[in-house]
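Okay, so here's the structure we're looking at.
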Amino acid sequence: MNTIKTHCLAALLACTTLPLQAQTDNTPQLPPLDDTWTLAWHDEFDGSGPLDTLTWNAEHGFVRNEEYQWYQQQNAYRQDGVLVLEARLDSIPNPAYRPGRGIRNWKLSRPYARYSSASVHTRRHYSFQYGRMEVRARIPATCGAWPAIWTLGTQYPWPSNGEIDVMEFYQVDGAPAILANAAYGDDTPNHAIWNSRRIPYTHFLELDRDWGEKFHTWVLDWTPDYLRIWLDGELLNDIDIRNTRNGSIGNFANPFHQPHYILLDLAIGGINGGQPDDNAFPMRYEIDYVRVYQQK
């Protein structure tokens, strides 16, 4: 077991966790991909070298959630057939730093970033509406890490554009968890209505103590009626989207009945990531592939 990736495993196991909801005979099963499905879009991240900028955009700087990292393109690269999003100990000057003036704006109040990482997305390159998105990845399940697989709608400001979190990992009330969520908007700017499901990380360690060292497959099953999020064939969240209507900011539209683009990122700290341990760096979030299937 890699001691760097699992350096705080003992602390994670010691946390109090929430019980997992029991699966029943009525629990939906992930349907197999048969000949009614076609591979509509994919990136296998073959080879080694820079990420394809005709498919993926890289975010830059301080972006969201008061996170500690400075996003930069060079922290996302292909290596031996996987996409690596690497978080590093760093010291990057913040060109937007404004002493005194940034007291109420976290992006202006930090003279430098102690960490760098990567966030990439397909906005303006690719989006899809309904179907199945499958992502095989290995996450850094350690203190301070906040890896994610998610989508955002192409219309309206957040959260009225709709957010689907196929995967997030971070600590909730001191307990590490894997989350599967969706959010949309109401009449208040930047206020989200959430349908969230958090599964204790210990649940997966009980299945396999080396879980964090292995690749796993996340699936988003998206129809006009529901979002279902799966991990290695286990249903994590089942969300009815027939009546997920925005408020006035989102023109009372259903944000899950529009195209969404794909985001992959490795955040550090911030409002959810927790306090990182510098001994855990560099951290690697590895994505083997992203595939989108749609029915013919």
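Ring centers of Phe281 and Tyr115: under 6.0 Å apart, within the cut-off. In summary, the aromatic rings of Trp146 and Tyr170 are positioned with their centroids under 6.0 Å apart. Side-chain rings of Tyr261 and His121 approach one another, their centers coming within less than 6.0 Å.
Qualifying ring pair (Phe, Tyr, Trp, His ring centres under 6.0 Å) partners for Phe204, counting only residues two or more places apart in sequence or in other chains: Trp211.
For the pair Lys107 (side chain) and Gly61 (backbone), a donor-acceptor distance under 3.5 Å is absent. In this structure, the side chain of Thr188 does not engage the main chain of His191 through any donor-acceptor pair within 3.5 Å. Of the possible polar contacts, one joining the Asp232 side chain to the Thr217 backbone as a donor-acceptor pair under 3.5 Å is found. Under a 3.5 Å cut-off, the side chain of Gln129 and the backbone N or O of His257 do form a donor-acceptor pair. Side chain of Asn254 to main chain of Ile241: a donor-acceptor pair is present (N/O by atom type, distance under 3.5 Å, no hydrogens or angles). Using modelled atom types, one side-chain atom of Gln258 and one backbone atom of Asn161 make a donor-acceptor pair closer than 3.5 Å. Proximity of a side-chain donor or acceptor of Ser116 to a complementary backbone N or O of Asp90 within less than 3.5 Å is not detected. Within the 3.5 Å criterion, the main-chain N or O of Glu67 finds no donor-acceptor partner in the side chain of Asn65. With hydrogens and angles disregarded, no donor-acceptor distance shorter than 3.5 Å links the side chain of Thr38 to the backbone of Ala40. A donor-acceptor pair is defined here as one N or O able to donate and one able to accept, closer than 3.5 Å; no such pair exists between the side chain of His60 and the backbone of Gln72.
In this structure the side chain of Ile262 reaches within 4.5 angstrom of the side chain of Phe128, judged on heavy atoms. In this structure, the side chains of Tyr130 and Pro224 come closer than 4.5 Å at one or more pairs of heavy atoms. With contacts defined as side-chain heavy-atom distances shorter than 4.5 Å, the pair Asn246/Asn251 does not qualify. Residues Val63 and Tyr71 are in side-chain contact: their nearest non-hydrogen atoms beyond the backbone lie under 4.5 Å apart. Between Arg114 and Asp278 the shortest side-chain heavy-atom distance falls below 4.5 Å. Contact check for Thr154 versus His260: no side-chain heavy atoms found under the 4.5 Å cut-off. The side-chain heavy atoms of Phe169 and Pro176, taken from C-beta on, include a pair separated by under 4.5 Å. Between Thr202 and Pro200, the closest side-chain pair of non-hydrogen atoms falls below 4.5 Å.
Under the 4.0 Å criterion applied to side-chain N and carboxylate O atoms, Arg64 and Glu59 are assigned as salt-bridge partners. A salt bridge does not link Arg197 with Asp238: every distance from a Lys NZ or Arg NE/NH1/NH2 to an Asp or Glu carboxylate oxygen is 4.0 Å or more. Glu44 has a carboxylate O that lies under 4.0 Å from a charged side-chain N of Arg291, or vice versa, which qualifies the two as a salt bridge. Taking the charged nitrogens against the carboxylate oxygens, Asp208 and Lys214 do have a contact shorter than 4.0 Å, which makes a salt bridge. Of the charged side-chain nitrogens involved, none lies within less than 4.0 Å of a carboxylate oxygen, so that Asp221 and Arg228 do not count as a salt-bridged pair. Taking a cutoff of 4.0 Å between a charged side-chain nitrogen and a carboxylate oxygen, Glu86 and Arg88 qualify as a salt bridge.
What you find for Cys143 and Met283 is that their closest heavy atoms are O-CE, 3.6 Å. When all heavy atoms are compared, the tightest approach of Ile249 to Pro189 is CD1-N, 3.4 Å. Across every non-hydrogen atom of Ser109 and Pro111, the tightest pair is O-CD, 3.5 Å. Taking all atoms of both residues into account, the shortest heavy-atom contact from Ile139 to Pro147 is CB-CG, 4.1 Å.
A cation-pi arrangement, defined by a distance under 6.0 Å to the six-membered ring centre and an angle within 45 degrees of its axis, is absent between Arg132 and Trp222.
If you run ring pair (Phe, Tyr, Trp, His ring centres under 6.0 Å) between Phe62 and each of Tyr112, Tyr68, Trp106, only Trp106 comes through.
Trp41 and Tyr126 have parallel rings, their planes meeting at less than 30° on a 0 to 90° scale where 60° marks the start of perpendicular.
Neither side chain, Ser117 nor Asn75, offers a donor N or O lying under 3.5 Å from an acceptor on the other. Trp70 and Asn94 share no side-chain donor-acceptor pair at under 3.5 Å. There is no side-chain donor-acceptor pair under 3.5 Å between Thr223 and Asp225.
When the shell of 6.0 Å around CZ of Arg136 is examined, it contains more than 12 heavy atoms from other residues, nucleotides or ligands.
Under the salt bridge (charged side-chain N to carboxylate O under 4.0 Å, His left out) criterion, no residue pair touches residues 145-172, with sequence neighbours excluded.
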